[in-house]
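A short worksheet on the structure shown next.
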Protein chains: 2
Amino acid sequence: MEILDIGDVAERTGVAVSTLRYYDEIGLIASVGRRGLRRQFGPEAVWQIALIALGKKAGFSLDEIAGMFRADGTVDLPRPVLHGRADEIDRQIRDLMVLRDALRHVAECPAPSHLECPRFRKLLRVAGRRGKA
Amino acid sequence: MEILDIGDVAERTGVAVSTLRYYDEIGLIASVGRRGLRRQFGPEAVWQIALIALGKKAGFSLDEIAGMFRADGTVDLPRPVLHGRADEIDRQIRDLMVLRDALRHVAECPAPSHLECPRFRKLLRVAGRRGKA
DNA sequence: CTGCCACTTCAAGTCAACTTGAGGTCAAGC
DNA sequence: GCTTGACCTCAAGTTGACTTGAAGTGGCAG
């Protein structure tokens with residue numbers, strides 16, 4: 001089970017064959033060769049694609065993801081850049097926590113209007129700050 | 001400073017006038033009236049838009065955001081739905097933490113290939129699990 | 001050796017989320 | 001009262017991320 005047909009990769013990752021072809025085209029992943037016309041991938045393709053899915057779900061564009069991990073799975077970016085990306089993600093995590101708290105608050109707060117609740121107003125101030133920045 | 005012209009809202013939120021018009025069209029925000037042809041908004045529009053920006057940055061579609069908060073700023077969704085959304089965001093936070101850790105690891109790990117590092121392999125297993133689910 | 005079928009290419013289509021352009025309107029300042 | 005400029009409408013264009021369709025190819029089971 002060293003080398004995988006594109007269809008095997010699709011099955012293991014849950015990503016459509018056409019999508020894998022697209023990722024290959026744009027250089028986001030790299031096939032290790034062909035069997036006839038058929039693209040073949042190494043087993044590392046499976047986790048590469050898992051990382052891509054993770055990044056996508058996090059709201060990063062394919063370009064941004066390509067800027068984090070290269071097609072062959074190696075990374076040659078300077079450390080400060082990588083840490084900068086990580087910091088960005090940390091900011092996003094904090095944003096998500098604000099959103100989650102806003103949602104949970106709305107679900108539970110008994111105030112007649114959320115605008116009148118001091119806790120909600122505080123959440124909104126945070127949202128405002130993040131929006132502007 | 002009760003009522004704001006669309007241009008004022010654009011300036012305060014950093015969102016383009018054309019975008020605000022678009023949000024109005026699709027019912028994501030609601031103008032409180034017109035001055036001539038000009039749309040006018042209440043001050044609550046500013047934080048509504050901040051919440052929208054937050055949701056977008058978090059990778060939610062405008063449709064999904066519309067499902068969390070309504071145009072008039074009120075929420076009439078049942079609690080379980082709201083908590084479900086919040087849970088979704090929690091999952092996403094955990095995903096982001098995996099991605100961040102992967103990035104920080106890659107920046108620091110001295111192993112010749114990340115594939116050989118047990119810590120990285122563990123991160124990948126988590127990524128794989130999330131990808132499939 | 002034949003047929004099948006999962007793959008191939010390449011072009012075109014789709015969807016979300018906007019932006020742009022052309023031509024029009026109207027409140028405010030001079 | 002006329003100009004100006006920020007707004008208006010409506011249609012069309014753009015970008016990212018794919019998907020779909022038509023026409024072709026090639027390894028493998030029978």
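From a predicted model like this one, the values you see are computed outputs, not experimental measurements. Proteins come first, then strands; the chains are lettered A, B, ... in the order of their sequence lines, and each starts at number 1.
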Got a donor-acceptor contact below 3.5 angstrom from the A/Q92 side chain to the B/L96 backbone?
no
Measure the distance from CZ on A/R21 to C1' on D/dA17 and round it to the nearest whole Å.
15 Å
Separation of D/dC7 C1' from B/D8 CG (nearest whole Å):
12 Å
I need the CG-C1' distance between B/L20 and D/dC8, as an integer number of Å.
14 Å
Donor-acceptor contact below 3.5 Å, side chain B/D101 vs main chain B/V98:
no
Same cluster for B/I26 and B/F41 if Ile/Leu/Val/Met/Phe/Trp/Tyr side chains link at under 4.5 Å?
yes
Rounded to whole Å, please give me the gap between CD1 in A/I29 and P in D/dC18.
11 Å
Please report, rounded to the nearest Å, how far the P atom of D/dG16 is from the CZ atom of A/F60.
17 Å
For A/S18, which contact category applies under a 4.0 Å heavy-atom criterion: base, sugar-phosphate, or nothing?
base
Separation of D/dT19 C1' from A/Y22 OH (nearest whole Å)
11 Å
Chain B vs DNA chain C, heavy-atom contacts under 4.0 Å, first-to-last nucleotide span, 5' to 3', is C/dA17 to C/dA27
Go through residues 31-39 of chain A and report each residue with a non-hydrogen atom lying under 4.0 Å from DNA chain C, sorted by number.
A/R34, A/L37, A/R38, A/R39
Contacts satisfying salt bridge (charged side-chain N to carboxylate O under 4.0 Å, His left out) that involve residues 19-28 of chain B (not counting sequence neighbours) are B/D24-B/R39
Is the shortest side-chain heavy-atom distance between B/I49 and B/L20 below 4.5 Å?
yes
Report the residue (B/Q40 or A/V17) whose heavy-atom-nearest nucleotide on DNA chain D is the more 5′ of the two.
B/Q40
Name the nucleic acid region contacted by A/I6, choosing base, sugar-phosphate or nothing; use a 4.0 angstrom heavy-atom cut-off, strictly under.
sugar-phosphate
Going by an N to O cut-off under 4.0 Å, is there a salt bridge joining A/R104 and B/D87?
yes
Proximal nucleotide (of D/dT19, D/dC8, D/dA17) relative to the A/T19 side chain
D/dT19
Under 3.5 Å donor-acceptor, A/T13 side chain and A/V9 backbone
yes
Say whether, by atom type as modelled, one donor and one acceptor occur between the side chain of A/R34 and the main chain of A/L37 under 3.5 angstrom.
yes
Tell me whether A/E108 contacts the main-chain N or O of A/H105 through its side chain, where contact means a donor paired with an acceptor under 3.5 Å.
no
Rounded interatomic separation in angstrom, taking CD from A/E64 and C1' from D/dT15:
14 Å
